[in-house]
Amino acid sequence: MTILRLSHVEIRVPDLELATAYYSEVIGMIETGRDSSRVFLKCWDEHQHHSVILTLEPTHGLNHFGFKVTDAEDLDHYQARLEAAGVAVRRYAVDEWAPGHGTSIRFTLPSGHEMELVYGMQQVGNLLPQTNPPPRPMGLVGIAPPRVDHIFLTAEEVDTNTRFLSEHLDFRLTEQVLGDDGFQIASWLEVSHRSHDIAFITGPNHGLHHFAYWVDAWNDLRGAADVCVYHGVHVETNPTRHGATRGQCLYFFDPVGNRNEMFTGGYWVDPGAEPITWTEAEMGRAMFYYDGVVNQQFLTVHS
């Protein structure tokens, strides 16, 4: 029974056309469908119907996020485990919740975040042929990352969410920041053997800190920053690296206030590896290794 990776995020946007233009022209995603209040987009190297859903609502932020499972039977397996633990689970049939969406189960984390496991999303293909493909399509616009990568959420009780994912959904803790009193300030967890697929940091429940796209190399972060500045997008953090996860990163905001990240690097981890612990005194280096100081805006601004 396997949860593979982050599948999609649904974010709220008060201006649907502005947000669609940004995610299409600046990020470089491809629109695959829309209805009266939602726009569905995917990155160029994703085969599934969508990985970002923009939903028209008065505020910005996160509505729900989903992870992809290997087989249809995985949904039954995890639904049984969750319900045995007293967690309410809702099930959606193919196309019931959204076009091209697949069969899914949805439930609520202790922090109030809506999480989904999905199987069988419609496959629309990437922009490359299946025979003798080039490494990258021509004519891409904007930053054009190949895929979404991870999500970072805020929670009042990081340790409670960490245990929930570990005990009920087989996520593995890779890194954590512990306060001097032993309180878990932040945690990073994975299911794909990479440094992290989801992370939590202390803050209000229901909060979205950021969701991230994968790019292939450090120079792609520089190119992404160039695209942001050209389009007048506010860059919060110039290309730099994390201590936790060892990844390299660039942070900026969409036009309605949701934080995006371009991410690359990191490491691979085997099951059973001991998690890395950062102390409260070294939290600055955990977040931004070169600066080595706690960036209060980065820790407190969320949607």
Side-chain angles (χ1 to χ4, degrees), residues 3 5-6 9 61-62 64-67 78 81-89 105-117 149-212 242-247 249 259 261 263 266-267 269-289 294-303:
I3 299 174
R5 59 172 175 80
L6 183 67
V9 297
L62 177 72
H64 90 280
F65 66 97
F67 274 74
Y78 285 110
R81 284 178 60 178
L82 289 163
E83 289 179 338
V87 179
V89 177
I105 60 172
R106 195 177 296 189
F107 46 92
T108 305
L109 300 185
S111 55
H113 295 94
E114 292 286 304
M115 181 173 178
E116 189 172 70
L117 301 180
D149 187 76
H150 66 264
I151 191 166
F152 199 168
L153 306 173
T154 66
E156 292 178 7
E157 297 181 355
V158 169
D159 56 345
T160 303
N161 269 15
T162 301
R163 284 195 303 271
F164 182 96
L165 291 180
S166 299
E167 294 173 4
H168 303 314
L169 300 172
D170 301 318
F171 281 70
R172 294 173 289 270
L173 178 68
T174 58
E175 305 208 24
Q176 60 183 340
V177 177
L178 291 184
D180 296 336
D181 57 359
F183 181 79
Q184 193 175 51
I185 299 172
S187 66
W188 292 258
L189 303 100
E190 62 85 17
V191 287
S192 65
H193 303 290
R194 296 185 57 254
S195 61
H196 67 307
D197 296 291
I198 188 171
F200 298 96
I201 193 164
T202 303
N205 283 338
H206 303 275
L208 171 66
H209 189 276
H210 69 268
F211 68 95
H242 296 302
T245 78
R246 304 182 211 154
C249 56
R259 184 188 278 110
E261 180 189 16
F263 180 87
Y267 55 82
V269 60
D270 291 329
E274 290 295 318
I276 296 166
T277 297
W278 295 82
T279 62
E280 186 173 355
E282 288 296 312
M283 185 172 176
R285 292 198 184 280
M287 296 300 173
F288 296 113
Y289 193 75
V294 174
N295 182 325
Q296 289 299 327
Q297 174 177 299
F298 184 78
L299 295 184
T300 57
V301 174
H302 59 85
S303 58

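Please read all numbers here as calculations on a predicted model, not as lab measurements. One is the number of the first residue; the rest follow in order along the sequence.
Between His113 and Phe65, the angle of the ring planes goes over 60°, which puts this pair in the perpendicular group of the 30/60° scheme.
Looking only at side-chain heavy atoms (C-beta outward), Val177 and Trp188 come within less than 4.5 Å of each other. Inter-residue side-chain proximity for Glu190 and Val269 is flagged as met; some heavy-atom pair is nearer than 4.5 Å. Residues Leu169 and Phe67 are not in side-chain contact: their nearest non-hydrogen atoms beyond the backbone lie 4.5 Å or more apart. At least one side-chain heavy atom of Phe107 sits less than 4.5 Å from a side-chain heavy atom of Leu117.
Pro204 pairs by the side chain to side chain contact (heavy atoms under 4.5 Å, CB included) definition with Thr154, His302, not counting sequence neighbours.
Screening Asp170, Val191, Asp197 against Ile3 for a side chain to side chain contact (heavy atoms under 4.5 Å, CB included) leaves a single residue, Val191.
Nearest heavy-atom pair, Thr174 versus Leu189, reported as atom, atom and distance to 0.1 Å: OG1-N, 4.2 Å.
When ring centroids are compared, Phe164 and Phe200 stay outside the 6.0 Å threshold.
No side-chain N or O of Ser187 forms a donor-acceptor pair with one of Gln176 less than 3.5 Å apart.
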Only distances under 3.5 Å count here; give the side-chain donor-acceptor pairs of residues 278-289 to other protein atoms, sequence neighbours excluded, each with its distance to 0.1 Å.
residue: Trp278; atom: NE1; partner: Glu175; partner atom: OE1; Å: 2.8
residue: Glu280; atom: OE1; partner: Asp180; partner atom: N; Å: 2.8
residue: Arg285; atom: NH1; partner: Tyr289; partner atom: O; Å: 3.0

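When atom types are taken as modelled, the side chain of Thr245 and the backbone of Gly266 share no donor-acceptor pair closer than 3.5 angstrom.
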